[in-house]
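Accompanying notes for the structure given below.
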Amino acid sequence: KPSFLSPSTIPVPADPAARFHSDMHRVLTSRRNLMSSNKIPWNTLERRKRAEILSTDVDGAERVLSMLRHMVSIGVATEESYQIALTALVHRGRLRWRREDSLIVCAADEVTVLMQELWGLVGENISTTTCNLALQAYAACATPRGNRQYAQLAQDVIEKMRQGHVEITAESLSHLVHAWSWQQENLQSGECAEMAQGHLDHLLTMSPDVELLQQSYHWLLEAWSKCKEDTAQVKAEQILEAMISLRQKHPESKFPNANSFSNAILALSKAGGTDSACKAHILLEMAVTAFERGDFEDGAEPELIAFNGVVSAWARLGRQDKAEIVLALMHRLADRCSGLRPDIVTYNNVLHAHLKSKDKGKALDRILTLVQEMENEKYIGVKPDSFTYNIVLKAWVQSRRPDAALKAVETLTKMRELWVLGDVSAKPSNRHYNIVINALAKSREHLDAQKAYELLLQMQASKDYQPDIISYTSVIECFSKSTDPEAATISLDLLDQARAVYEQTKSPKMMPNMLTYSMVISSMSTNPTLSNVQKARDLLVELLSLYEETKNAALAPNVYPFNHVLGCAANCIGSVEEKTKAFQIAAQTYNDIRKRGDIQPDSYTYAFWFKCCNNLLPVGEVRSKGVTLVFDQCKADGLVSGETLRRLLAGTPQDIATAILGLDPKTPPAVYRQMTIHDVPPAWSRNVR
């Protein structure tokens, strides 16, 4: 903190400037005493929080600036006048205020104006002391928010000092390290961190005071903890090691402190990989040991953010055992550390670690236990939020338990009820709805297209979680697997709705994609009339045309929509004439696959083709050729699967079946229909996945 003369020690001035200086000191001193008596915080030092906007001139800085303006206007301002004002601004630090022109400013904004005036007033005769005050103010206000380039302004001051042959001291460089460190944006490339590192390397050549160097190391750790460079973790490790080494040589140093350890831990925990997580965990244990030895000044405690960083690192690796160890350590320290209570971030990371673990059944059980404890308020100040329930939904889906879809629906219902009752943290999003709808679509035991449709209607009626194309596609998938007689009609209607919203909004999140078209085509099989077979084919053609027009990767077709058309045609119901037309559609679709260079048939393509031949064609030469020629292609492609063989043998006449399998023509159907892929040459099924 800047020091000011007390009123009793301020000498009686003999000249106008000195009288003003005396008054400036008196204002600052009296305001400081007022702040102390009223327990008003001298500054907001928590850099991770947005600075407060002052409603009054609580510390007298604005009054001093006004006095300086008057001194300038009457021609009595000196460099000392500016130094007093700069000191007041440094003292104000990150606090912001509203000027008379209603613009919200901070100390750095005013410093820029003052320094421009001062360079013009004294030129190259400006002192190092003045420049260091400006550098200190820029450093205190440096932030990546709002494109405020205070670090660059500090750099400009240094360049002017060099040009004017003003002495650049270790303190000057330390402020520059501070400014660039706090200009570094989180999870972005490390240009600012590199600038800070370069100035620290220069500082090292000046044999600085130990505590000044330690403070500079501490600031630089902050920069490396935020940037995404691969070298960040290495740099952070090296810096912390240097700080620990200096502390061992100079036990009176207050660094590294709890925050120093936190920043090094964050750099490692963000790096990814087991090695980095292990190192972060070791540093966390070192921080706890330092705390228990009393190494941290002013009763500082290990920081919650460090523990959460390590838990997060283990969570990304699915190491629920390690995450639980850190959680247990937090509980052990809770009685001695007032600020070290696991919060919702901690528990969500532990839950996430279980979610990513290999044993999905065991993970679900532990997740449900922890969430139940959170709901029962076992942990003070911790209750499940939307991220918590997102993990619960995913855990149910991953468990593959028969009742997973029903439990997912129940969880979503609980979220809605909590939200309606006023718990905004439990507000569901379309992501939660999509997980539940997809769970219903993938469920074998509890496939419920109508329930999925109800959830979609809930989303459509809400202003808070509108459906996207994933929502529509998942509901259509439910209908494609259902026995609902209206499934085909509903699926087409949903596609029309999605297209209409996309045409209106042009939102990429609402653009029907290849999977959407595939599911609608598949749903045509729920009522495979010739009309629906033709609609399936038309949808395939529409998809192919859209892709050719746009070359949008989301519309790039694969073999699945072709297979769904074949499957729909194979199930066609109706007269002989209608079945013949359905076969013609199937043949056209199969030939399209063979002609395209970007799509290859799979084993299901052949299975559906043989089903088409056996279901749609009468016994005769056309059917014989259709089966024989395509089976030769199937063998050549190595795609004779169990399903392919079953479809082939299910309805193929005896003479054709025995011929293509190389069997005795007298082999009865009861025998060859029991064949599996183990009874045919391995080369025939070499490419089956």
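On a predicted model such as this, the values are computed, not experimentally measured, just so you know.
- Ion pair Lys442/Glu477 flagged as a salt bridge, since at least one NZ, NE, NH1 or NH2 atom sits closer than 4.0 Å to an Asp/Glu carboxylate oxygen.
- Here the closest non-hydrogen pair linking Gln183 and Thr143 is NE2-O, 2.9 Å.
- When the shell of 6.0 Å around OH of Tyr389 is examined, it contains more than 12 heavy atoms from other residues, nucleotides or ligands.
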(request) Begin with the C-alpha distance, continue with both residues' side-chain angles, and end with the deciding distance and a verdict on side chain to side chain donor-acceptor pair (under 3.5 Å) for Glu643 and Ser641. (result) CA-CA 5 Å; Glu643 180 65 13; Ser641 66; over 6 Å; no
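- A salt bridge links Asp592 with Arg537; the closest basic N to acidic carboxylate O contact falls under 4.0 Å.
- Cys227 pairs by the side-chain contact (heavy atoms from CB on, under 4.5 Å) definition with Gln184, Ala193, Trp224, Glu229, Ala232, not counting sequence neighbours.
- Side-chain atoms of Asn558 come within 3.5 Å of backbone atoms of Tyr560 as a donor-acceptor pair (strictly under, hydrogens ignored).
- By the ring pair (Phe, Tyr, Trp, His ring centres under 6.0 Å) test, Tyr606 pairs with no residue at all, sequence neighbours left out.
- Defined by atom type and a distance below 3.5 Å, a donor-acceptor pair is present between the side-chain atoms of Gln450 and Asp484.
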Please output the side-chain donor-acceptor pairs of residues 563-571 that fall under 3.5 Å, not counting sequence neighbours, one pair per line with the distance.
residue : atom : partner : partner atom : Å
Asn563  : OD1  : Thr605  : OG1          : 2.7
Asn563  : ND2  : Asp602  : OD1          : 3.0
Asn563  : ND2  : Asp602  : OD2          : 3.4
Asn571  : OD1  : Lys611  : NZ           : 2.7
Asn571  : ND2  : Gly567  : O            : 3.1

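- Salt-bridge formation is not detected for the pair Arg499/Glu503: no Lys NZ or Arg NE/NH1/NH2 atom is positioned less than 4.0 Å from an Asp or Glu carboxylate oxygen.
- Listed for the Thr529 side chain is a donor-acceptor partner under 3.5 Å among the backbone atoms of Asn532.
- Summarising the geometry of Ile585 relative to Leu530, their closest heavy-atom pair is CD1-CD1, 4.4 Å, with the distance given to 0.1 Å.
- A donor-acceptor pair under 3.5 Å links the side-chain atoms of Asn687 to the main chain of Asp637, judged by distance alone.
- Here ring-ring contact (aromatic ring centres under 6.0 Å, His included) pairs that include residues 339-361, with residues two or more places apart or in two chains, are Tyr347-Tyr379.
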(message) Quick one, Thr516 with Thr473, criterion side chain to side chain donor-acceptor pair (under 3.5 Å). Give me CA distance, side-chain angles, the key distance, then yes/no.
(response) CA-CA 5 Å; Thr516 312; Thr473 302; 2.7 Å; yes
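- Listed for the Lys270 side chain is a donor-acceptor partner under 3.5 Å among the backbone atoms of Ser225.
- Within the 3.5 Å criterion, the main-chain N or O of Ser575 finds a donor-acceptor partner in the side chain of Glu578.
- Of all the heavy atoms in Ala323 and Val311, the pair that sits closest is CB-CG1, 4.1 Å.
- Here Arg319 pairs with Asp321 in a salt bridge; the nearest charged N to carboxylate O distance falls below 4.0 Å.
- In this structure a side-chain-to-backbone donor-acceptor pair under 3.5 Å is present from Thr644 to Ser603.
- A distance-only check finds a donor-acceptor pair linking the side chain of Thr369 to the backbone of Asp365 [under 3.5 Å].
- A salt bridge links Glu324 with Arg366: at least one charged nitrogen is closer than 4.0 Å to a carboxylate oxygen.
- Taking the charged nitrogens against the carboxylate oxygens, Glu542 and Lys535 have no contact shorter than 4.0 Å, which rules out a salt bridge.
- Panel note: side chain Gln320, backbone Ala363; no donor-acceptor pair is recorded below 3.5 Å.
- In this structure, Leu494 and Tyr472 approach most closely via the heavy-atom pair O-CD2, 3.7 Å.
- The only member of Lys414, Lys383, Arg416 that meets salt bridge (charged side-chain N to carboxylate O under 4.0 Å, His left out) when paired with Asp423 is Lys383.
- A salt bridge links Glu548 with Lys551: at least one charged nitrogen is closer than 4.0 Å to a carboxylate oxygen.
- Cys478 and Ile437 get closest at one heavy-atom pair: SG-O, 3.9 Å.
- Using modelled atom types and a 3.5 Å distance limit, the side chains of Ser491 and Ser523 yield a donor-acceptor pair.
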(message) Before you tell me yes or no, could you show the steps for Asn147 and Gln149 under side chain to side chain donor-acceptor pair (under 3.5 Å), namely the whole-Å CA-CA distance, both residues' side-chain angles and the distance that decides it to 0.1 Å?
(response) CA-CA 6 Å; Asn147 197 32; Gln149 301 298 321; 2.8 Å; yes
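- For the ring-ring contact (aromatic ring centres under 6.0 Å, His included) condition, the pairs that include at least one residue of residues 395-433, sequence neighbours left out, are Trp419-Tyr465, Tyr433-Tyr465.
- Of the possible polar contacts, none joining the Ser462 side chain to the Gln458 backbone as a donor-acceptor pair under 3.5 Å is found.
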(request) Report the C-alpha separation of Glu303 and Asn259 in whole Å, then their side-chain angles, then the decisive distance to 0.1 Å, and conclude whether the side chain to side chain donor-acceptor pair (under 3.5 Å) test is met. (result) CA-CA 7 Å; Glu303 296 180 338; Asn259 187 243; 3.2 Å; yes
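- The pair Glu410-Lys407 meets the salt-bridge criterion, since a charged nitrogen lies less than 4.0 angstrom from a carboxylate oxygen.
- Screening Ser471, Ser474, Ser429 for a side-chain hydrogen bond (donor to acceptor under 3.5 Å, both in side chains) involving Asn434 leaves a single residue, Ser471.
- Minimum heavy-atom separation, Ala395 to Ile367: CB-CD1, 3.7 Å.
- No donor-acceptor pair under 3.5 Å is formed between the side chain of Asp493 and the backbone N or O of Thr489.
- Using a 4.0 Å cut-off between charged nitrogen and carboxylate oxygen, Lys451 and Glu454 count as a salt-bridge pair.
- Listed by chain and residue number, Asn308, Asp343, Asn349 satisfy the side-chain contact (heavy atoms from CB on, under 4.5 Å) test with Val345 (two or more places apart in sequence, or in another chain).
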